[in-house]
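Scroll down for the structure; my scribbles are underneath it.
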2 protein chains.
Amino acid sequence: MPVVISSQPKSLPIREGNVYAANCPSRSVLDHVTSRWGSLVLVLLLARTLRFGELAREIGGVSQKMLAQSLQVLESDGFILRTVYPTKPPKVEYSLTPLGREVAQHVQALTGWVEQNVTTILEHRENMQKSQD
Amino acid sequence: MPVVISSQPKSLPIREGNVYAANCPSRSVLDHVTSRWGSLVLVLLLARTLRFGELAREIGGVSQKMLAQSLQVLESDGFILRTVYPTKPPKVEYSLTPLGREVAQHVQALTGWVEQNVTTILEHRENMQKSQD
DNA sequence: CAGTATCCTCAATGATACTG
DNA sequence: CAGTATCATTGAGGATACTG
């Protein structure tokens, strides 16, 4: 599948994809890294390598199924490295690839900003409620 | 609804929310700004104020329903300002609030990175396919 | 133009149970 | 421990038609 580009900026860096084109593959990549659980996984792994069970415990509300699925997608995109130690019981470690580390930093900036500004946003939401006249 | 914080970093800035807590409101904010269409809207409005029809045309594949819904959510979070000119036909302009401009910049960094790295990621996906043995 | 209203569908997600 | 398999649900999202 070809990468779709509708317009190119005049200066570098070269944009290989265009998230505004309906059929551009960059859409799916963006979906993966901004997915509900995928985004949280990326930021956690930025701090350190974690095992499946650890990730499950850190991320409140995630199911085994969704965690496994999110990890697989991020692995297939090349963001996550899955290392299996053939011990008994099995031990599996998840870490970030260099590429994964790059995206994760951007995602972390976003989640961090959100965490630091929730209160302001919640207040705005409530003010909107009141001024429904 | 109280903001849930499970742990506090030792240094500033103070984290008001925790996206890893299942019931923390920051979760919904993160969902809004990383939503399929919401994220694209934010980045577009970073460049300039746009009308509903313009947004619809810029964002490939979006339906009127989803665009309207995304705009409403982002407006209620305080990221987007909706200005109505009571002309005939009606004219409605969407722009970013100062708060919206802040998140949008983080989102733009993310979408930009994705656009610049799609090719690498697609190659990795295909290599994974092959090595399925 | 800038939406809203309705209907409809399927895919994302969760719950539960099972396994190497 | 680290998942997979299966089933059930529901709500996100699209298509279409209508309106101030």
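All chains are named by letter (A, B, ...) in the order of the sequence lines, taking the proteins before the strands, and each is independently numbered beginning at 1.
Under the 3.5 Å distance criterion, with hydrogens and angles disregarded, a donor-acceptor pair is assigned to the side chains of B/R125 and A/S28. When only modelled atom types and interatomic distance are considered, A/E93 and A/T83 share no side-chain donor-acceptor pair under 3.5 Å.
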Handout entry: Pair A/V29-B/N117, side chain to side chain contact (heavy atoms under 4.5 Å, CB included): steps then yes or no
Key = CA-CA 10 Å; A/V29 177; B/N117 291 274; over 6 Å; no

Exercise for the section: Determine, step by step, whether B/E75 and B/L81 satisfy the side chain to side chain contact (heavy atoms under 4.5 Å, CB included) criterion, reporting the C-alpha distance in whole Å, the side-chain angles of both residues, the deciding distance to 0.1 Å, and the verdict. Expected result: CA-CA 6 Å; B/E75 187 194 2; B/L81 184 65; over 6 Å; no

For a quick test of your reading: what N or O donor-acceptor pairs under 3.5 Å do the side chains of residues 44-55 of chain B make, sequence neighbours left out?
residue	atom	partner	partner atom	Å
B/E54	OE1	B/R51	N	2.7

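By the side chain to side chain donor-acceptor pair (under 3.5 Å) test, A/E102 pairs with B/W113, sequence neighbours left out. Applying the side-chain contact (heavy atoms from CB on, under 4.5 Å) rule to B/S70 yields the partners B/W37; only residues at least two apart in sequence or on another chain are considered. Shown here are the salt bridge (charged side-chain N to carboxylate O under 4.0 Å, His left out) partners of B/E115, two or more places apart in sequence or in another chain: A/R15. Residues passing the side-chain contact (heavy atoms from CB on, under 4.5 Å) test with B/S35, sequence neighbours excluded: none. Under the rule for a side-chain contact (heavy atoms from CB on, under 4.5 Å), the partners of B/S63 that lie at least two apart in sequence or sit in another chain are B/K65, B/M66.
Side chain of B/N18 to backbone of B/Y20: a donor-acceptor contact under 3.5 angstrom is found. Checked by atom type and distance alone, the side chain of B/H32 never pairs as donor or acceptor with a backbone atom of B/D77 at under 3.5 Å.
Chain A approaches DNA chain C over the interval C/dT13 to C/dG20, counting the first and last nucleotide 5' to 3' with an atom under 4.0 Å from its heavy atoms.
Listed by residue number, the members of residues 57-78 of chain B with any heavy atom below 4.0 angstrom from DNA chain D are B/S63, B/Q64, B/K65, B/M66. Of all the residues in residues 43-52 of chain A, A/R51, A/F52 reach under 4.0 Å from DNA chain D with at least one non-hydrogen atom. Across residues 79-97 of chain B, B/R82, B/P89, B/P90, B/V92, B/Y94 each have a non-hydrogen atom less than 4.0 Å from an atom of DNA chain C (numbered order).
Applying the salt bridge (charged side-chain N to carboxylate O under 4.0 Å, His left out) test to residues at least two apart or on different chains, the pairs with a partner in residues 26-37 of chain A are A/D31-B/R36, A/R36-B/D31.
Annotation: the span from A/T97 atom OG1 to A/F79 atom CZ amounts to 7.5 Å, rounded to 0.5 Å.
Across all non-hydrogen atoms, the minimal contact from B/V114 to A/S26 is CG1-O, 3.6 Å.
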Exercise for the section: State the dot-bracket string of DNA chain C. Criteria: Watson-Crick or G-U wobble, both atom distances under 3.5 angstrom; notation: ( ) intrastrand, [ ] crossing earlier pairs, | interstrand, . unpaired. Expected result: ||||||||||||||||||||

